[in-house]
Amino acid sequence: FPTRRSSDLIENGAEGVKMKTDGKKWILRIVLTLSTAAFVCWIFSNSLKTAAESTVQSSFVKELVENFLSALVPGQGVEISEHVIRKLAHFCEYALLGFLLFFTYLSYTRKKLWFFIPSLVGIVIPFCDEGLQFFSDGRAPSFKDVGIDVSGAAFGFLCAWAVYFVVLSIVRAKRKKSCKG
């Protein structure tokens, strides 16, 4: 997040700096909000695929993962079930959603009291996502998948929180060091 230097205040005046940082905040908010919305649309589009389309996609990812793991352990044939790939895909896509939700929310406010808003979104979207599968040929919703999705969103949210606090600690340490020096 942008910091104000005393030279900026002298050159541009306090109002000029405030306008610059406010403009950057709005750009960040717009980019994060649109990215999160686009990601949710992508998740929903995956749920609207037919069972056959979903199987083709899972088989492709399964082959990529198996080739990658086989390259790590030469001479060993690595095989992963498609079921594991599907469940990992659920978890990973929602972990990324949780990560995005955290930073999107943070771009609007720093109030911890309101963290229930992105948390609630991370719970509601999996239910909607699974509900969409009622409309997909050959697919059916699963409460097990909702649990995996919510767990993934919580994991992504916590990872984003950890990244935020590590970066915040580094920035504070640098500021403290520059104030002493």
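Please read all numbers here as calculations on a predicted model, not as lab measurements.
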Within a strict 4.5 Å, meaning less than it, do heavy atoms of the F68 and L64 side chains meet? no
How long is the straight-line distance from CD1 of I80 back to CD1 of I85, given to the nearest 0.5 Å? 4.5 Å
Measure across V146 and P126 and return the closest heavy-atom pair with its distance rounded to 0.1 Å. CG2-O, 3.9 Å
Listing request: all salt bridge (charged side-chain N to carboxylate O under 4.0 Å, His left out) pairs with a residue in residues 125-141, at least two apart in sequence or in separate chains. none
Is any side-chain heavy atom of V56 closer than 4.5 Å to one of K49? no
Linked, directly or transitively: F102 and V167 (ILVMFWY side chains, under 4.5 Å): yes
With rounding to the nearest 0.5 angstrom, report the CG to CG distance, L32 to L106. 9.5 Å
Which residues share a side-chain hydrogen bond (donor to acceptor under 3.5 Å, both in side chains) with T55, sequence neighbours left out: R86
E82 atom CD: more than 12 heavy-atom contacts under 6.0 Å: yes
I'd like to check the side-chain hydrogen bond (donor to acceptor under 3.5 Å, both in side chains) partners of T33; sequence neighbours left out, ordered by chain and number. Y108
Test of understanding: clusters of I, L, V, M, F, W, Y form through side-chain heavy atoms closer than 4.5 Å, transitively. Do L88 and L69 belong to the same one? yes
Taken to the nearest 0.5 Å, the spacing of L34 CG from T104 OG1 works out to 9.5 Å
Say whether L101 and V124 are linked into one hydrophobic cluster, either directly or through other cluster members, by side-chain heavy-atom distances under 4.5 angstrom. no
At what distance, to the nearest 0.5 angstrom, does OG of S107 lie from CD1 of I30? 10.0 Å
By ring-ring contact (aromatic ring centres under 6.0 Å, His included), Y94 pairs with (sequence neighbours left out) none
If you look only at pairs with a residue in residues 143-164, which of them pass as a salt bridge (charged side-chain N to carboxylate O under 4.0 Å, His left out), with sequence neighbours excluded? K87-D145
side-chain hydrogen bond (donor to acceptor under 3.5 Å, both in side chains) partners for S119, two or more places apart: none
G138 to A51 - nearest heavy-atom pair and separation: O-CB, 3.4 Å
Roughly how far, to the nearest 0.5 Å, is CD1 of I43 from SG of C128? 11.5 Å
Among residues two or more places apart or on two chains, list those pairs meeting ring-ring contact (aromatic ring centres under 6.0 Å, His included) that have a residue in residues 30-63. F39-W42
Set of residues satisfying salt bridge (charged side-chain N to carboxylate O under 4.0 Å, His left out) with respect to K62, sequence neighbours excluded: E66
Could you list all the ring-ring contact (aromatic ring centres under 6.0 Å, His included) pairs where at least one residue sits in residues 127-155, not counting sequence neighbours? F91-F155
For residues G122 and A153, report the shortest heavy-atom separation together with the two atoms involved. O-CB, 3.9 Å
Residue list, side-chain hydrogen bond (donor to acceptor under 3.5 Å, both in side chains) with T50, at least two apart or on another chain: E53
With sequence neighbours excluded, tell me which residues meet side-chain contact (heavy atoms from CB on, under 4.5 Å) with L48. L132, S136
Let me check something: do L158 and L168 share a hydrophobic cluster, defined by ILVMFWY side-chain heavy atoms less than 4.5 Å apart, either directly or through other members? yes
Applying side-chain contact (heavy atoms from CB on, under 4.5 Å) to A89 and not counting sequence neighbours gives none
Tell me whether F157 shares a hydrophobic cluster with I117, the cluster being built from Ile, Leu, Val, Met, Phe, Trp, Tyr side chains joined at under 4.5 Å. yes
